[in-house]
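These numbers were taken from a predicted model, which means no experiment stands behind them.
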Amino acid sequence: MQRLLAVLLVLIGLIGLVLGRLGETTWAPETETTATATLEDPGPAVVIDPGVLYVGGEEGKVVIEGASDVSVITASNSDIDAYLEGVHHTRVTGASDWSTLSTEDVEPDGTAEISDPTGSDLWRSVDTSASPYTLDIGEFWAAENGENEQVYRSLLIVTDGTAAGADKISITWPVDDENEWVPYAYAGGAAIAVIGLVLLVVSIGRRGDEDEDELLEEPQEARSSEARTSLATGGAAAGAAAGGLSEGRDGADTDTDTDGADAPRAEDPLDAPGAREVGEQSVWSFGDRADDAGTGADGTASDAGSDGTASDAPSDGGSPGADPSGDDADQERR
């Protein structure tokens with residue numbers, strides 16, 4: 001369970017780091033913003049009021065598109081106003097938001113043409129370029145704040161004097177912006193990943209210790225089992241030996257000499273298994289043999305001596321215990 005939790009924490013931390021990186025790249029806010037004004041009927045001249053170029057900072061660029069070559073003229077604000085008196089023109093007054101420039105239509109019923117717009121002796125500088133014309137705001141700001149300081153100059157934009165002064169004007173400023181949650185994603189992801197790695201290392205080490213303990217316990221259990229078996233076997237053998245020694249001592253005690261000296265008693269043959277049965281059979285067999293020996297050929301018992309032995313057999317070689325006259329005597333009795 002602990003290892004699973006550690007892996008989940010590591011994954012969550014990595015996800016946090018990935019989100020932080022995406023917040024800096026793919027999901028990062030734009031590095032610049034552009035405000036644009038599209039002019040439908042601006043007249044033969046377009047004026048950008050002083051300070052409009054610096055709405056978004058002192059860095060950026062201005063892009064001007066026209067029907068022909070575009071000329072950007074600098075002069076004092078009063079000289080430009082005097083030159084355009086009674087002429088239909090458009091003024092760019094600022095930015096309504098970060099994507100739209102604000103414009104103002106001036107004297108819409110005025111003259112729609114001006115002659116030789118770049119040849120007047122009122123102009124301080126004239127710069128003509130093919131459309132689209134690009135002006136660097138940083139360089140313009142440096143020129144205004146240099147040795148010949150000309151702060152907040154108006155810009156007069158014209159073409160040939162008969163066509164529209166400009167068709168489209170856009171000003172782009174760099175933006176120093178970032179997602180506010182990116183640092184938290186980095187910090188949180190890194191912290192969670194480190195915690196997960198620590199838990200993972202601890203769980204792996206603990207698992208290794210448990211495996212080692214299991215490996216150590218198994219031989220101990222086996223040795224304990226063997227020891228118990230050995231003790232049981234030894235106890236049984238010792239008991240048997242003790243029983244045999246006791247029997248030997250009992251037999252030795254009962255079989256002693258008359259002079260009191262202990263001596264092992266000779267084994268009684270009748271004590272052997274089956275000895276008594278054989279002895280009894282022998283006794284009965286002896287009696288049968290005695291009866292057979294005292295009976296004559298005719299079934300009569302022979303005379304025995306006083307010592308219990310059979311009488312001597314006749315010398316004529318007859319059957320032992322046979323009486324030649326016995327048959328007659330039997331016949332007479334019958």
query: Do L53 and W141 pass the side-chain contact (heavy atoms from CB on, under 4.5 Å) test, and can you show the C-alpha distance, the side-chain angles, and the key distance before you say yes or no?
result: CA-CA 9 Å; L53 297 184; W141 183 88; over 6 Å; no
For residues 32-49, run the donor-acceptor check on the side chains, cut-off 3.5 Å, and write out each pair with its distance to 0.1 Å, sequence neighbours left out.
from: T33; atom 1: OG1; to: W98; atom 2: O; distance (Å): 2.9
from: T34; atom 1: OG1; to: T172; atom 2: OG1; distance (Å): 2.9
from: D49; atom 1: OD1; to: R91; atom 2: NE; distance (Å): 3.1
from: D49; atom 1: OD1; to: R91; atom 2: NH2; distance (Å): 2.7

With a cut-off of 3.5 Å and sequence neighbours excluded, list every side-chain donor-acceptor pair involving residues 156-171.
from: T159; atom 1: OG1; to: A164; atom 2: O; distance (Å): 3.1
from: D160; atom 1: OD1; to: T162; atom 2: N; distance (Å): 3.0
from: D160; atom 1: OD1; to: T162; atom 2: OG1; distance (Å): 3.1
from: D160; atom 1: OD1; to: A163; atom 2: N; distance (Å): 2.9
from: D160; atom 1: OD2; to: T162; atom 2: OG1; distance (Å): 3.2

task: Please check if L197 and V7 belong to a single hydrophobic cluster, counting links between Ile, Leu, Val, Met, Phe, Trp and Tyr side chain heavy atoms closer than 4.5 Å.
output: no
task: Provide the full list of side-chain hydrogen bond (donor to acceptor under 3.5 Å, both in side chains) pairs with a residue in residues 103-118, sequence neighbours left out, each pair given once.
output: H88-D105
Same cluster (ILVMFWY, side-chain, under 4.5 Å), V201 and L199: no
- prompt: Are V52 and Y54 connected in a single hydrophobic cluster, I mean Ile/Leu/Val/Met/Phe/Trp/Tyr linked by side-chain heavy atoms less than 4.5 Å apart?
  reply: yes
query: Less than 4.5 Å apart, any side-chain heavy atom of Y186 and any of L17?
result: yes
- prompt: Which pairs, with at least one residue in residues 4-22 and sequence neighbours excluded, count as a side-chain hydrogen bond (donor to acceptor under 3.5 Å, both in side chains)?
  reply: R21-E24
- request: Using the test side-chain hydrogen bond (donor to acceptor under 3.5 Å, both in side chains), find all partners of Y83 that sit at least two apart in sequence or belong to another chain.
  value: none
message: With a 3.5 Å distance limit and no angle check, can you tell me whether D97 reaches the backbone of T100 through a side-chain donor-acceptor pair?
response: yes
- request: May I ask whether V106 and V87 are part of the same hydrophobic cluster, defined by side-chain heavy atoms of I, L, V, M, F, W, Y residues being less than 4.5 angstrom apart, directly or through others?
  value: no
- prompt: Would you say W27 and L19 make side-chain contact, with heavy atoms under 4.5 Å?
  reply: yes
- request: Take V62 and F140 through the test side-chain contact (heavy atoms from CB on, under 4.5 Å) and record every step on the way to the result.
  value: CA-CA 10 Å; V62 180; F140 190 79; over 6 Å; no
- request: Go through the structure and list residues passing side-chain hydrogen bond (donor to acceptor under 3.5 Å, both in side chains) with D121, not counting sequence neighbours.
  value: none
